[in-house]
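Bear in mind that the values here come from a model prediction, so they are computed numbers and not experimental data. In this chain, numbering begins with 1 at the start of the sequence shown.
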Amino acid sequence: SLVGKMYYEVLFWGGGHALQFTWTLLMLVAWLWLAHACGARVRLSPRVTVLMFTLALLGVFVTPYAYLAHPVTSVEHRNLLTWAMRLGGGVAIAPIALAVVLALAPLRRIAAEGRALRAALVWSMVLFVSGGLIGVFINGADVRIPAHSHGCIVGVTLALMGLAYHLLPQLGYAAPNSRLAALQPALYGTGQLMHIAGLV
């Protein structure tokens, strides 16, 4: 019985999940790439990594099924997309995040050009995990929803910022090895953490 703006908001909400899966997969690739660029040895076999990526990718294909199987305004439609996000997106993140954290832990000294990469990686993980944890406690429609999405979105953004730092020398530019470059992700991450904590 939804009409107008509310109907179209629900209609496009599920498509946003497919986009979210895509960005999350790119973020996971960036985490592994940045960890390697920092000199960390991620002890996760390529086979397990591909399996995790495949699980996350399967969630994308639930989206068209949800639209074909259930009316957009139905509870079943919404629940199917929500569970696809939790299982398809969520299952792959934990093992990769844990492997990256364990690989970063023993790193004490890091080259100047790697400091900005590590800062972007660490703050990306902090924001994304914070947003994910907030998402677990969503119950109804309140400001925990934008707190969850802003944490996750900025986690993705910080990972891609770090990847941009890493790719600059390969595009003919100088590597960002100043303290300011390492401070930038920390400032952005701290500000966003304050933002989502305030919303919660």
Side-chain angles (χ1 to χ4, degrees), residues 16-17 19-44 49 52-53 56 85 89-90 92-138 143-200:
H17 280 81
L19 192 59
Q20 182 180 340
F21 292 139
T22 306
W23 285 112
T24 301
L25 279 165
L26 288 171
M27 179 195 70
L28 294 176
V29 170
W31 284 359
L32 293 169
W33 198 344
L34 288 171
H36 179 73
C38 290
R41 292 188 59 184
V42 180
R43 300 191 184 281
L44 199 63
T49 305
M52 294 297 107
F53 287 162
M85 179 179 64
I93 296 164
I96 291 175
L98 182 62
V100 170
V101 167
L102 292 173
L104 287 176
L107 288 182
R108 295 289 175 254
R109 292 187 177 183
I110 191 164
E113 61 270 11
R115 290 185 191 133
L117 306 183
R118 181 176 60 184
L121 174 57
V122 167
W123 279 100
S124 168
M125 296 181 79
V126 167
L127 263 295
F128 194 86
V129 170
S130 298
L133 289 174
I134 291 167
V136 172
F137 297 104
I138 291 174
V143 289
R144 284 175 290 189
I145 295 170
H148 156 68
S149 61
H150 280 77
C152 292
I153 288 167
V154 174
V156 171
T157 303
L158 281 161
L160 297 180
M161 282 172 59
L163 209 51
Y165 287 156
H166 179 59
L167 293 173
L168 280 172
Q170 297 175 40
L171 298 171
Y173 297 94
N177 58 5
S178 68
R179 286 186 179 177
L180 200 57
L183 190 60
Q184 185 184 21
L187 289 171
Y188 186 21
T190 303
Q192 194 58 244
L193 207 53
M194 291 167 64
H195 173 209
I196 64 174
L199 286 172
V200 170

> side-chain contact (heavy atoms from CB on, under 4.5 Å) between Tyr165 and Leu34: does it pass, once the steps are laid out?
Replying inline: CA-CA 10 Å; Tyr165 287 156; Leu34 288 171; over 6 Å; no

>> Working note: Val154 + Trp123, criterion side-chain contact (heavy atoms from CB on, under 4.5 Å); need CA distance, chi angles, decisive distance, verdict.
In response: CA-CA 9 Å; Val154 174; Trp123 279 100; over 6 Å; no

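- No more than 12 heavy atoms of other residues, nucleotides or ligands lie within 6.0 Å of CG in Leu180, so this atom counts as exposed by the packing criterion.
- Considering all non-hydrogen atoms of both residues, Ala99 and Val42 come closest at CB-CG1, 3.8 Å.
- To the nearest 0.5 Å, atom CD1 of residue Ile93 and atom CE of residue Met125 are 10.5 Å apart.
- Counting only heavy atoms from C-beta outward, the side chains of Thr24 and Phe128 approach each other to under 4.5 Å.
- The two residues Val100 and Ala35 make their nearest non-hydrogen contact at CG1-CB, 4.1 Å.
- The structure places SG of Cys38 at 13.5 Å from CH2 of Trp33, a figure rounded to the nearest 0.5 Å.
- Side-chain contact between Val156 and Leu26 is absent, with no heavy atoms from C-beta onward closer than 4.5 Å.
- The main-chain N or O of Ile134 is never found under 3.5 Å from a side-chain atom of His148 such that the two would form a donor-acceptor pair.
- Closest non-hydrogen pair, Gly162 versus Ala120, comes out as CA-CB, 3.4 Å.
- The ring pair (Phe, Tyr, Trp, His ring centres under 6.0 Å) pairs that include a residue from residues 168-187 number zero, where partners must be two or more places apart or lie in different chains.
- Tyr188 is not listed as a side-chain neighbour of Leu127, based on a closest heavy-atom distance of 4.5 Å or more.
- Looking at every heavy atom in both residues, Arg118 comes nearest to Arg108 through NH1-O, 4.0 Å.
- Remark: Arg144 pairs with Asp142 by the salt bridge (charged side-chain N to carboxylate O under 4.0 Å, His left out) rule, at least two apart or across chains.
- The two residues Gly132 and Cys152 come nearest to each other via the heavy atoms N-SG, 3.7 Å.
- Here the straight-line distance linking atom CG of Leu44 with atom OG1 of Thr49 works out to 3.5 Å at 0.5 Å rounding.
- For the pair Ser124 (side chain) and Gly155 (backbone), a donor-acceptor distance under 3.5 Å is present.
- At a threshold of 4.5 Å between non-hydrogen side-chain atoms, the residues Leu32 and His36 do not count as touching.
- Note that the CZ atom of Arg41 and the CG atom of Leu102 stand 14.0 Å from one another [nearest 0.5 Å].
- The shortest side-chain heavy-atom distance between Leu187 and Thr190 does not fall under the 4.5 Å cut-off.
- The distance from the CG atom of Leu117 to the CD1 atom of Ile110 is 7.0 Å, given to the nearest 0.5 Å.
- Put simply, the side chain of Ser149 gets close to the backbone of Pro146: a donor and an acceptor are under 3.5 Å apart.
- In this structure, the separation between CG on Leu25 and CD on Gln20 is 11.0 Å, given to the nearest 0.5 Å.
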>> Before you tell me yes or no, could you show the steps for Arg115 and Arg179 under side-chain contact (heavy atoms from CB on, under 4.5 Å), namely the whole-Å CA-CA distance, both residues' side-chain angles and the distance that decides it to 0.1 Å?
In response: CA-CA 8 Å; Arg115 290 185 191 133; Arg179 286 186 179 177; 5.9 Å; no

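- Closest approach of Gly151 to Ile196, counting heavy atoms only: N-CG2, 3.7 Å.
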> Do Val29 and Leu163 pass the side-chain contact (heavy atoms from CB on, under 4.5 Å) test, and can you show the C-alpha distance, the side-chain angles, and the key distance before you say yes or no?
Replying inline: CA-CA 10 Å; Val29 170; Leu163 209 51; 6.0 Å; no

